[in-house]
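Input: a single structure, listed below in structure tokens.
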Amino acid sequence: APAVPGAFDFQRQSYFRGLGAVGFAMGRAEGVAPGEAGSPVLALAGLRQRIGERVTGGLEGTAGAMARALMTGERGAIPEDVLAAMRDSGLAHLLAISGLHIGLVAGILFVGLRAALALVPYIALRFPIKKWAAAAALPGAAAYALISGATVPTQRAFLMLGLVLLAVLLDRRGLSIRTVAWAALAILLVQPESLLGASFQLSFAAVVALIAAYEEIAERRFRDDGRRRAWPWKIVLYVGGVALSSLIAGAATTPFALYHFNRLAAFGMAANMAAVPLTALWVMPWAVVAFALMPFGLEALALASMGWGVEAIIGVAREVAAWPGAVTLLPSMPTAGLVAVTVGGLWLCLWRGRWRLWGIAGIVGGLVSGAWVSPPDVLVDDAGRLMAVRTADGSLAVSSRRLGRFDAEVWMRRAGQEEAPAVWPAAGTGGDGSLACDILGCIHRANGHTVALVRDEGALAEDCRIADVVVATVPARRPCPSATVVIDRFDLWREGAHALWLDKDGIRVKSVNKVRGERPWVVRPRARSPAGLGN
């Protein structure tokens with residue numbers, strides 16, 4: 001379940017993936033019966049696995065793991081520090097197979113085949129080689145999409161690319177906002193739940209903004225006038241195009257990244273200006289060559305050259321991530337703010353004329369909405385293992401650094417807190433005097449409210465007489481006449497993690513299950529009590 005009301009819901013994700021449970025096994029697996037024969041899903045998974053093994057076999061180390069991610073979408077072998085560097089530098093999108101990768105593979109196939117056919121005058125002068133190249137690039141891109149896992153960004157990219165190549169075959173214009181709309185409609189008809197996912201939102205936000213921006217640029221006659229350009233001018237145009245594309249895509253996806261991940265990569269454009277041309281002009285062409293050489297067992301020849309480019313990208317990521325202020329954590333944006341940004345962005349991108357500028361108001365309003373959101377003052381996880389309070393300086397202090405570490409990480413990230421949280425004193429008073437603890441629990445005072453954080457039943461009798469709020473990780477079997485709010489172990493068991501706001505005019509309480517409501521993926525307890533608590 002979510003670690004706090006409003007956080008990512010793994011149960012919802014598992015429900016739509018068709019997962020009933022997850023777990024792990026001790027020891028090696030043993031085959032006891034033949035596998036299912038003829039399953040296309042298993043056959044594709046096996047092919048993907050074999051290709052990944054061939055890649056890492058031909059290119060070892062971190063470069064091999066990165067190459068495997070770029071060619072098959074499997075990122076599990078990439079070291080955590082490299083993933084963190086890619087994320088903090090704004091290059092994480094290079095590891096998610098999306099429009100850049102699908103477009104590059106299709107473009108390499110299209111341009112390569114068309115150039116090869118153009119070398120034969122008899123064919124070039126008598127047949128539509130452009131259409132032939134488009135017809136060959138489409139199945140090649142489809143194969144790459146399937147091998148790389150066919151995630152939502154990959155599906156969006158392939159659907160759009162398919163329409164573009166179909167337009168080439170039919171002598172029509174292919175790339176437009178209508179293409180994006182058809183791709184979104186096709187995905188939502190098959191996977192409507194993807195609308196609320198970060199992958200769908202980030203992918204479509206970037207591509208809608210890019211197409212809308214370049215349509216506007218084309219209408220203002222900043223397009224190529226047909227004159228032959230010198231190589232220095234072409235390089236300047238290419239670098240400028242990469243910078244502009246990075247700026248547009250970054251601006252479009254930043255609100256969604258803040259909402260889902262609370263992270264802002266400050267130097268993403270600088271990193272992309274170095275890494276994207278390297279990916280487009282060196283890494284992905286060698287990846288296509290490696291795919292072509294695999295049937296002959298010669299993929300190592302191409303993977304070696306691909307590895308040089310991958311190592312350079314890793315170097316760029318490490319360098320940019322090490323710059324001071326490279327990444328900033330920000331508190332979570334409210335859902336209403338994200339909706340305002342989405343509506344404003346669509347208004348700005350879809351309309352024509354001056355009234356489209358009214359969309360900026362929605363974007364600005366959504367971005368500043370976080371300024372009016374106050375983080376919780378008290379947090380407690382669903383198992384009663386971990387509690388946290390907000391201290392006078394606005395940071396969170398936790399009851400333990402050993403228990404509930406994942407929940408603590410989520411709480412810190414959503415609060416925009418980068419430094420490690422302080423730990424409650426085992427006994428005595430905290431630094432600001434708002435938190436006093438003993439071996440049975442703690443008393444927290446804020447905004448005129450007294451909160452008893454109880455860890456032992458022996459403290460309930462006294463705390464129930466003095467506290468406005470009682471949060472107990474044990475069952476509260478006795479009434480608390482002075483407490484306005486009582487949350488005990490049974491409440492945590494039934495409703496999940498709780499968050500409390502100690503406002504001057506009252507106390508607000510939210511729980512995970514009450515916020516989620518009655519949904520098929522919300523796992524609610526049956527008649528049995530949590531372990532160790534009796535009937």
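Residue numbers run from 1 in the order of the sequence given.
Scored by the salt bridge (charged side-chain N to carboxylate O under 4.0 Å, His left out) test, Arg516 finds Asp9 as partners (sequence neighbours excluded). For the side-chain hydrogen bond (donor to acceptor under 3.5 Å, both in side chains) test, no residue two or more places apart in sequence or in another chain qualifies with Glu409. Shown here are the ring pair (Phe, Tyr, Trp, His ring centres under 6.0 Å) partners of Tyr214, two or more places apart in sequence or in another chain: there are none. Judged as a side-chain hydrogen bond (donor to acceptor under 3.5 Å, both in side chains), and not counting sequence neighbours, Glu193 has no contacts. Checked against side-chain hydrogen bond (donor to acceptor under 3.5 Å, both in side chains), Arg405 has no partners two or more places apart in sequence or in another chain. Judged as a salt bridge (charged side-chain N to carboxylate O under 4.0 Å, His left out), and not counting sequence neighbours, Arg17 has no contacts. Among residues two or more places apart in sequence or in another chain, the side-chain hydrogen bond (donor to acceptor under 3.5 Å, both in side chains) test is passed with Lys131 by Asp171.
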Residue pair Val316, Ser89: steps toward the side-chain contact (heavy atoms from CB on, under 4.5 Å) verdict: CA-CA 8 Å; Val316 170; Ser89 62; over 6 Å; no
Verdict with supporting geometry, Leu244 and Ile217, side-chain contact (heavy atoms from CB on, under 4.5 Å): CA-CA 11 Å; Leu244 180 61; Ile217 291 173; 3.6 Å; yes
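Thr279 contributes atom OG1, which lies 9.0 Å from atom CE of Met306 (distance to the nearest 0.5 angstrom). Atom OG1 in Thr254 sits 11.5 Å away from atom CD1 in Ile363 (nearest 0.5 Å). With rounding to the nearest 0.5 Å, the separation of CG in Leu338 from CG in Leu258 is 10.0 Å. Between atom CH2 of residue Trp411 and atom CD of residue Gln417 there is a gap of 12.5 Å, rounded to the nearest 0.5 Å. A distance of 10.5 Å separates CE in Met273 from CG in Leu247, rounded to the nearest 0.5 Å. For the atom pair Thr179 OG1 and Leu159 CG, the distance stands at 11.0 Å (nearest 0.5 Å).
In this structure, the side chain of Trp358 does not engage the main chain of Trp347 through any donor-acceptor pair within 3.5 Å. The backbone N or O of Ala167 sits nowhere less than 3.5 Å from a side-chain atom of Arg172 that would complete a donor-acceptor pair.
Leu47 has its side chain out of reach of Leu146: every pair of non-hydrogen atoms, C-beta onward, lies at least 4.5 Å apart. The side-chain heavy atoms of Leu188 and Ser194, taken from C-beta on, include a pair separated by under 4.5 Å. Contact of the Arg12 side chain with the Leu196 side chain is registered, since non-hydrogen atoms from C-beta on lie closer than 4.5 Å. At least one side-chain heavy atom of Tyr144 sits under 4.5 Å from a side-chain heavy atom of His101. Inter-residue side-chain proximity for Met86 and Leu94 is flagged as met; some heavy-atom pair is nearer than 4.5 Å.
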Would you list the atom pairs, donor with acceptor, under 3.5 Å between side chains in residues 200-210 and any protein atom, with sequence neighbours excluded?
| unit_1 | atom_1 | unit_2 | atom_2 | d |
| --- | --- | --- | --- | --- |
| Gln201 | OE1 | His260 | NE2 | 2.8 |
| Gln201 | NE2 | Leu195 | O | 3.1 |
| Ser203 | OG | Arg156 | NE | 2.8 |
| Ser203 | OG | Arg156 | NH2 | 2.9 |

List, one per line, each side-chain donor-acceptor pair under 3.5 Å for residues 282-302, sequence neighbours excluded.
| unit_1 | atom_1 | unit_2 | atom_2 | d |
| --- | --- | --- | --- | --- |
| Trp282 | NE1 | Ser305 | O | 2.7 |
| Glu299 | OE1 | Arg54 | NH2 | 3.0 |
| Glu299 | OE2 | Arg54 | NE | 2.8 |

Expected list for residues 59-84: side-chain donor-acceptor pairs under 3.5 angstrom, two or more places apart:
| unit_1 | atom_1 | unit_2 | atom_2 | d |
| --- | --- | --- | --- | --- |
| Arg68 | NE | Glu74 | OE1 | 2.9 |
| Arg68 | NH2 | Glu74 | OE1 | 2.9 |
| Thr72 | OG1 | Arg68 | O | 2.7 |
| Thr72 | OG1 | Glu74 | N | 3.4 |
| Asp81 | OD2 | Arg318 | NH1 | 3.1 |
| Asp81 | OD2 | Arg318 | NH2 | 3.4 |

Side-chain donor-acceptor pairs under 3.5 Å in residues 261-272, sequence neighbours left out?
| unit_1 | atom_1 | unit_2 | atom_2 | d |
| --- | --- | --- | --- | --- |
| Asn262 | OD1 | Arg413 | NH1 | 2.7 |
| Asn262 | ND2 | Leu330 | O | 3.2 |
| Asn262 | ND2 | Ser332 | OG | 2.9 |
| Arg263 | NH2 | Asp88 | OD1 | 2.3 |
| Asn272 | OD1 | His93 | NE2 | 2.5 |
| Asn272 | ND2 | Gly90 | O | 3.3 |
| Asn272 | ND2 | Gly268 | O | 2.6 |

N/O donor-acceptor pairs under 3.5 Å from side chains in residues 104-129, not counting sequence neighbours:
none

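Annotation for Trp182: atom CH2 does not count as buried by contact number, only 12 or fewer foreign heavy atoms lying within 6.0 Å.
A salt bridge does not link Glu53 with Arg48: every distance from a Lys NZ or Arg NE/NH1/NH2 to an Asp or Glu carboxylate oxygen is 4.0 Å or more.
If you check the side chains of Thr335 and Tyr259, you find a donor sitting under 3.5 Å from an acceptor.
Pairing each heavy atom of Ser369 with each of Met333, the nearest pair is OG-CG, 4.0 Å.
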